[in-house]
Amino acid sequence: AKGAGGRRYEFFSASMQARLIERLQLENNLHKALELEEFELFYQPRVCTATGELRGVEALIRWRQPELGIVPPDKFIPLAEETGVIHAIGEWVLRTACRQNRMWQLAGYPELVMAVNFSARQFENPNLLQLFTSILNETGMAANLLEIEITEGFLMQDKQSAAEVLRKLEAMGVRISIDDFGTGYSSLSQLKDLPLHAVKIDRSFIQNIGWDETKSSIVSAVIQLAHGMGLRVVAEGVETSKEYEHLSSINCDELQGYYFSRPLPLFDMEQILRQQQPL
Ligand code: C2E
Ligand code: CA
Ligand code: CA
Ligand code: CA
């Protein structure tokens, strides 16, 4: 029995070692991807429900790999979070998004809000506020055109210190929104002490809204509560005209989804900006 246990231990340690090596390679690949400038931002339009006007965009990262083509964020962001590479990637995303928005502004396009996704781990950075200050200064981007998207999960970890950082960001003029709202455990009342600008209702609640009465009444109630708290409401993942019309009838402020546009590479996004028509 002793021998078998020993062998089992060796078996585990060999597979653990293999996993460790694999992770180190992936971590190394992510660092290299940054150096080789293989990351790229796509932009997904966000429109005003009432007028159809372009209000802003959400920056969504992609990894353009020479062999594999475009790798979506779900394939590497979790690993970047685990390994801590998210700090470097997140800084690149913030700087690139701010620089791009400023360039659009200088080119004379209508003012757009730039929404940037933030991972919980990025708030572990003790110099985060300094990073925001220097990137805003360096790029000339107006703080009130920057919106940070965080998830409810992040708030559950250390609500006190999270709230403090968010208040400082708000004081700088940066907007904060709750992403994927409805998928976590928090209710709107738990969010009421936070300096939030908007909630983004998760796609799972938007899908088939207008056909599904339960969903419709949940979303309608969330919108009314959010408005009562002075928050704007953005619907994510709007794919059909039916969903669009229903969200319009229950006063959802802004919409995002394939119905209006997929996330676009820079070239295609700029084509839309040049046309400057409601989507
Ligand atoms: P998310 O922030 O919830 O982003 C919305 C996701 O839904 C995007 O996937 C977008 O392409 C997709 N989407 C938008 N409209 C529709 C629609 O109408 N139908 C459907 N089926 N999907 C739609 P994407 O770009 O693959 O991003 C996945 C997730 O990766 C994001 O979810 C976000 O959590 C994360 N992510 C993306 N970029 C960044 C980043 O720069 N930093 C961090 N920390 N996370 C990022
Ligand atoms: Ca988001
Ligand atoms: Ca989301
Ligand atoms: Ca998500």
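Just so you know, these numbers use all the heavy atoms, side chains as well, and skip hydrogens, waters and symmetry mates. Order of appearance sets the numbers: ligands from 1, and atoms from 1 within every ligand.
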> If you count the non-hydrogen atoms of other residues, nucleotides and ligands that lie under 6.0 Å from CD in Glu164, is the total more than 12?
Replying inline: no

> Tell me, which N, O or S atom in Glu236 is closest to the Ca ion (ligand 3)?
Replying inline: OE2

> For the side chain of Asp180 and the backbone of Asp202, is there at least one donor-acceptor N/O pair under 3.5 Å apart?
Replying inline: no

> For ligand 1, which part of Pro73 has a heavy atom less than 4.0 Å away: the side chain, the backbone, both, or neither?
Replying inline: side chain

> Is there any N or O on Glu149 that sits under 3.5 Å from an N or O of ligand 1?
Replying inline: no

> Looking at Ile206, Asp179, Ile178, which hits side chain to side chain contact (heavy atoms under 4.5 Å, CB included) with Ile201?
Replying inline: Ile206

> Transitively linked via ILVMFWY side-chain contacts under 4.5 Å: Val113 with Val234?
Replying inline: no

>> Please work out, at 4.0 Å between heavy atoms, whether the side chain, the backbone, both, or neither of Val238 comes within that distance of ligand 1.
In response: backbone

>> Need the atom name: nearest N/O/S atom of Asp180 to the Ca ion (ligand 3).
In response: OD1

> With no hydrogens and no angle check, is any side-chain donor or acceptor of Arg62 less than 3.5 Å from a backbone partner on Ile70?
Replying inline: no

> Just which atoms of ligand 1 are under 4.0 Å from any heavy atom in Glu239?
Replying inline: 17 (C), 18 (O), 19 (N), 20 (C), 21 (N)

> In Asp179, which N, O or S atom comes closest to the Ca ion (ligand 2)?
Replying inline: OD2

> With respect to Arg175, which candidate in Glu149, Glu170, Glu147, Arg232 satisfies the side chain to side chain contact (heavy atoms under 4.5 Å, CB included) definition?
Replying inline: Glu147

> Angle at the Ca ion (ligand 2) between OD1 of Asn117 and OE2 of Glu58, to 10°?
Replying inline: 90°

>> Counting only heavy atoms closer than 4.0 Å, does ligand 1 sit against the backbone of Asp179, its side chain, both, or neither?
In response: side chain

>> List ligand 1 atoms under 4.0 Å from Pro263, heavy atoms only on the residue side.
In response: 11 (O)

>> One residue to check: Gln44. Relative to ligand 1, which of side chain, backbone, both or neither has a non-hydrogen atom less than 4.0 Å away?
In response: side chain

>> Which option wins on minimum heavy-atom distance to atom 10 (C) of ligand 1: Val116, Leu60, Ile206, Leu41?
In response: Leu60

>> Testing Arg55, Lys200, Glu236 one by one against Gln256 for a side chain to side chain donor-acceptor pair (under 3.5 Å), which residue passes?
In response: Lys200

>> Just to check, does Arg262 reach to within less than 4.0 Å of ligand 1 when the distance is taken from its heavy atoms?
In response: no

> What orientation do Phe39 and Trp92 show, parallel under 30°, tilted 30 to 60°, or perpendicular over 60°?
Replying inline: tilted

>> Ring centres under 6.0 Å, that's the criterion: do Phe260 and Tyr244 meet it?
In response: yes

> Would you find a donor on one side and an acceptor on the other, under 3.5 Å apart, between the side chain of Ser220 and the backbone of Ser217?
Replying inline: no

> Got a donor-acceptor contact below 3.5 angstrom from the Gln105 side chain to the Glu111 backbone?
Replying inline: no

> Taking non-hydrogen atoms only, is Gln256 closer than 4.0 angstrom to ligand 1 via side chain, backbone, both or neither?
Replying inline: neither

>> Any nitrogen or oxygen of Tyr259, side chain or backbone, less than 3.5 Å from one on ligand 1?
In response: no

> Taking the N/O/S atoms of Glu149 one by one, which is nearest to the Ca ion (ligand 2)?
Replying inline: OE1

> Hey, which atoms in ligand 1 end up nearer than 4.0 Å to a heavy atom of Val93?
Replying inline: 41 (O)

> Glu236: heavy atom below 4.0 Å from ligand 1, yes or no?
Replying inline: yes

> Under the criterion side chain to side chain contact (heavy atoms under 4.5 Å, CB included), which of Met141, Gln130, Glu91 is the partner of Ile135?
Replying inline: Glu91

> Does Glu58 come within less than 4.0 Å of ligand 1, judged by its heavy atoms?
Replying inline: yes

>> Just checking Gln271: does its CD atom have more than 12 heavy atoms from other residues, nucleotides or ligands closer to it than 6.0 angstrom?
In response: yes

> Any idea which of Asp180, Thr183, Asp74, Ile89 brings a heavy atom closest to atom 3 (O) of ligand 1?
Replying inline: Asp180

> Counting from 1, what ligand 1 atoms have a heavy atom of Gly257 closer than 4.0 Å?
Replying inline: 15 (N), 18 (O)

